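All values reported here derive from a predicted model rather than from experimental measurement.
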Amino acid sequence: MSRIGKKPVPVAKGVDVQVKGQTVSVKGPKGQRSFTVPDDVSVVFENGAVAFAPRGDSKRARSMWGMSRSVVENLQIGVTQGFKKNLQIEGVGYRAAVQGKVLKLSLGYSHDVNYEIPEGIEIKTPKPVEIEISGIDEQRVGQVAAEIRAWRPPEPYKGKGVKYAGEFIFRKEGKKK
């Protein structure tokens, strides 16, 4: 039994939820998102909450049950609060700047890296060494952060590169004479 799937998702104030067949649509102050629940899970909107139940006792139905509930809860969080990831840049001469719909990264290469900002994602650079990525889709925010970090992941000797805020970089000792 899924402990997560058992709990219904309560609908917050200012959020409009519609269930049509297997599709759950969530509309809030920041935008609108929808999710198609797998056929192995039944979804019902009642008493101001969205409830989920597995159809049958198969392993797939049980695993999709909790996942569906979590995704719908994240849809609601996205349209009310939004999601945010912070990146930090460490290294001499490493910096970032937003120019229009392009994030310009100077990461020690012979050229600047130009990253096209995708639709529905907002990127800010409060300082040249900080990047704030925000949006209503948790998966896309995380994917954009991972793509930016992949240009220069932090290295273990000096810690130079792009890292998540609060990420611990395991340091290695350099070679000895």
Side-chain angles (χ1 to χ4, degrees), residues 1-56 59-89 96-105 114-127 129-151 162-167:
M1 290 292 272
S2 171
R3 285 188 261 171
I4 293 172
K6 284 183 200 175
K7 294 187 255 178
V9 179
V11 178
K13 290 181 181 176
V15 176
D16 181 37
V17 176
Q18 291 182 341
V19 177
K20 290 183 181 172
Q22 291 296 99
T23 304
V24 178
S25 298
V26 181
K27 188 176 182 182
K30 289 192 177 250
Q32 181 175 354
R33 301 278 324 281
S34 64
F35 172 67
T36 303
V37 178
D39 292 331
D40 298 324
V41 179
S42 65
V43 57
V44 179
F45 180 61
E46 57 188 8
N47 301 331
V50 183
F52 298 89
R55 290 184 178 145
K59 181 171 175 61
R60 177 173 160 76
R62 289 192 317 263
S63 61
M64 293 291 129
W65 181 22
M67 186 271 309
S68 299
R69 188 238 183 242
S70 296
V71 169
V72 170
E73 184 179 39
N74 284 341
L75 293 181
Q76 181 174 293
I77 292 170
V79 298
T80 54
Q81 303 165 6
F83 293 99
K84 190 167 149 183
K85 287 260 187 192
N86 293 325
L87 297 174
Q88 293 177 333
I89 303 173
V98 176
Q99 293 178 349
K101 291 295 270 174
V102 175
L103 175 67
K104 288 195 173 280
L105 298 166
N114 293 331
Y115 183 80
E116 266 316 301
I117 299 173
E119 203 63 38
I121 299 294
E122 186 179 321
I123 296 180
K124 296 177 188 170
T125 52
K127 295 179 184 173
V129 293
E130 288 181 9
I131 303 171
E132 289 181 2
I133 304 162
S134 59
I136 63 171
D137 187 351
E138 184 180 29
Q139 191 275 328
R140 289 186 72 203
V141 169
Q143 182 66 37
V144 167
E147 287 172 4
I148 293 170
R149 184 182 184 271
W151 281 103
V162 181
K163 67 176 188 170
Y164 296 112
E167 179 183 7

With sequence neighbours excluded, what pairs up with [X] under the side-chain contact (heavy atoms from CB on, under 4.5 Å) test?
X: A165; value: N86, Q88
X: R33; value: L75, V79, I136, D137
X: P118; value: Y115, I121, R140, V144

Which residue pairs pass the side chain to side chain donor-acceptor pair (under 3.5 Å) test when at least one of the two sits in residues 37-52, sequence neighbours left out?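 Those involving residues 37-52 are D40-R60.
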Does anything in residues 65-81 form a salt bridge (Lys or Arg N to Asp or Glu O under 4.0 Å)? List the pairs, not counting sequence neighbours.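 Every salt bridge (Lys or Arg N to Asp or Glu O under 4.0 Å) pair that includes a residue of residues 65-81, provided the two are not neighbours, is R69-E73.
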Taking only residues two or more places apart in sequence, or in another chain, which ones meet [X] in a salt bridge (Lys or Arg N to Asp or Glu O under 4.0 Å)?
X: K163; result: E90
X: E132; result: none
X: E147; result: none
X: E138; result: none

Under 4.5 Å between any side-chain heavy atoms of [X] and [Y], yes or no?
X: V98; Y: K124; result: no
X: F52; Y: P8; result: no
X: V71; Y: N74; result: no

Listed by chain and number, what are the side chain to side chain donor-acceptor pair (under 3.5 Å) partners of R149, not counting sequence neighbours?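 For R149, the residues satisfying side chain to side chain donor-acceptor pair (under 3.5 Å) (neighbours in sequence not counted) are E167.
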Please identify each residue that fulfils side chain to side chain donor-acceptor pair (under 3.5 Å) with N114, with sequence neighbours left out.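 So N114 forms a side chain to side chain donor-acceptor pair (under 3.5 Å) with K104.
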How far does [atom1] of [X] sit from [atom2] of [Y], to the nearest 0.5 angstrom?
X: W65; Y: S70; atom1: CH2; atom2: OG; answer: 12.0 Å
X: L87; Y: I123; atom1: CG; atom2: CD1; answer: 8.5 Å
X: I4; Y: M67; atom1: CD1; atom2: CE; answer: 12.0 Å
X: I89; Y: W151; atom1: CD1; atom2: CH2; answer: 13.5 Å
X: K30; Y: I77; atom1: NZ; atom2: CD1; answer: 13.0 Å

Would F83 and I133 count as a side chain to side chain contact (heavy atoms under 4.5 Å, CB included) if you check the C-alpha gap in whole Å, the side-chain angles of each, and the deciding distance to 0.1 Å? CA-CA 8 Å; F83 293 99; I133 304 162; over 6 Å; no
Is it true that atom NZ of K101 has more than 12 heavy atoms of other residues, nucleotides or ligands lying nearer than 6.0 Å?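 Enclosed: over 12 neighbouring heavy atoms sit under 6.0 Å from NZ of K101.
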Solution key, residues 13-29 side-chain donor-acceptor pairs under 3.5 Å, sequence neighbours excluded:
from, atom 1, to, atom 2, distance (Å)
Q22, OE1, R55, NH2, 3.4
Q22, NE2, V37, O, 3.2
Q22, NE2, P38, O, 2.8
Q22, NE2, V41, O, 2.9

Heavy atoms only: give me the nearest L103-A96 pair and the separation to one decimal.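 Heavy atoms of L103 and A96 come nearest at CD1-CB, 4.2 Å.
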